[in-house]
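Here the structure comes first, spelled out in structure tokens, and everything after it is commentary.
Here is how names work: the chains are called A, B, and so on, in the same order as the sequence lines, proteins then strands, and each is numbered from 1.
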Amino acid sequence: MTQDTERLGGPGVPESPAQTFLAAGAGRERTGGEDGRHRLGQLIQFVAGPENRLAEAALWGLLAGEEDYNPIVLHGHSGVGKSQLARDAYNAWKALHPDRPAALVAGIEFARQLTDAIETQSVEDFRDHYRGLAMLVVDDLHLLSGKTAAQEELMHTVDAVARSSGAVLITCRWPPDQLGGFLSGLVSRLSAGLTVPLVPPGPEARRALLGRYVAAPGFPWSEAALELVDQRFRGTAAQLEGLVKQVALTAGQPAARIGPELVASVLDHRPGAGQPELRVIAMAAAKGFSVRLGDLRSGSRRRAVVLARAMAMYLARNLSERTFEEIGRYFGGRDRTTVSHACQRMEALLAQDPSLRQLYTQLEQQLRA
DNA sequence: CCAAGTTATCCACACTGCT
DNA sequence: AGCAGTGTGGATAACTTGG
């Protein structure tokens, strides 16, 4: 990994891999010079700040046809932009290599298609399609947990695509070696490629994202309004986009200038912007561990209760923007450091217990739905 | 049932970023 | 400087485990 880092993220790496890539003229042939570069630049929606330069570099390397790191696995919490990056890679590939077949498929959809193919006795067609691809993008691989047939099929697909000098990009909640309920063959195949962590946008990336979202015509934002979002908003790219839409909606008719007062009132009255209620999270965790909701909020320290409580706290922390203080208050008025410790402990447990990770994934899915 | 080990919890203090 | 949020380390008591 040291070598990978040196190669892709070290001092030799230019500020923006995208710039270098485009400056070098990669893809010019098929995308048509200046115009093509511009078009390709527009296809890339993911905004990478310094914190995600390695992922960006990996993406551009993949598009440039570098085979050194194949497959590339992007992993990170939900909301960091994995799916966006997957879509970008797919769209850019199609623009660069219109004559080389590519596919973007969600992990769970890949499994469903395979089941259909088996039922309709068309597995050969399924294989011809996927194994003949020049580029395969699989989004949310972790949802294939426990689905061995699909994993086996995917493993052979990845091999086939790689053998014919194709590119494979995979997004996942966890790095390959921490996946629970996965075939060791697939895990080692994935681990042999390049594994890149994705993290939430930092200040620089947030600013760039904000600039893009407010660029839509009709609702001119004042500098002070932008400044306010910059100062007060801490969230994922998707949440930021939601905020901008909410502000436009509140502004009413187009052409009204958006000032800091309006933004402040939207920020103040955000109804938890899609984040589940603590009670809903606690109930889901309680059910997952077969304990009572009341137990989680009680003083009990029974092993099963403590584990379920820690999971609930960890979920609350990851799926909402609530502070340790708020979470602790809900769970029996516990100290905020208790919540902090519980989250750290859960993180450590998840790193070493595949079945627990499986449960976490399940609960997270359920609560986001 | 009891002693020993483990760890969930709380407290005190320190650090960071913002106003 | 003051505040909010967070991180870290130590002390204590609740709980688990082995005999």
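- With sequence neighbours excluded, no residue forms a ring pair (Phe, Tyr, Trp, His ring centres under 6.0 Å) with Phe182(A).
- In this model, no donor atom of one side chain and acceptor atom of the other lie less than 3.5 Å apart for Tyr130(A) and Asp125(A).
- Within 4.0 Å (heavy atoms only), Gln344(A) reaches sugar-phosphate atoms of the nucleic acid but no base atom.
- Residues satisfying the salt bridge (Lys or Arg N to Asp or Glu O under 4.0 Å) criterion with Arg131(A), sequence neighbours excluded, are Glu153(A).
- In this structure, the side chain to side chain contact (heavy atoms under 4.5 Å, CB included) partners of Ser300(A), at least two apart in sequence or on a different chain, are Ser298(A), Arg302(A), Val305(A), Arg309(A).
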Notebook entry, point to check: Along nucleotides 3-8 of chain B, 5' to 3', which nucleotides get a B, which get an S, and which get a -, given that the test is a protein heavy-atom distance under 4.0 Å?
Noted result: -----B
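- Asp295(A) is linked by a salt bridge (Lys or Arg N to Asp or Glu O under 4.0 Å) to Arg292(A), counting only residues two or more places apart in sequence or in another chain.
- Scanning DNA chain C 5' to 3' for nucleotides with an atom closer than 4.0 angstrom to a non-hydrogen atom of chain A gives a first and last hit of dG5(C) to dT17(C).
- The ring pair (Phe, Tyr, Trp, His ring centres under 6.0 Å) test applied to Tyr90(A) returns no partner, not counting sequence neighbours.
- Comparing Thr337(A) and Glu326(A) by the nucleotide of DNA chain C that holds the closest heavy atom to each, the one mapping nearer the 5' end is Glu326(A).
- Along DNA chain C, the nucleotide nearest Ala304(A) and the nucleotide nearest His341(A) are compared for position; the residue whose nucleotide lies closer to the 5' end is His341(A).
- Of the residues in residues 285-295 of chain A, none lies under 4.0 Å from DNA chain C by heavy-atom distance.
- Checked against side chain to side chain contact (heavy atoms under 4.5 Å, CB included), Ala308(A) has the following partners two or more places apart in sequence or in another chain: Phe289(A), Val291(A), Leu296(A).
- Remark: Asp116(A) pairs with Arg112(A) by the salt bridge (Lys or Arg N to Asp or Glu O under 4.0 Å) rule, at least two apart or across chains.
- Residue-level contact check: Thr323(A) touches the backbone only, with heavy atoms under 4.0 Å from sugar-phosphate atoms and none from bases.
- Residues satisfying the salt bridge (Lys or Arg N to Asp or Glu O under 4.0 Å) criterion with Arg189(A), sequence neighbours excluded, are Asp159(A).
- In terms of the ring pair (Phe, Tyr, Trp, His ring centres under 6.0 Å) criterion, Phe324(A) has no residue partners (sequence neighbours excluded).
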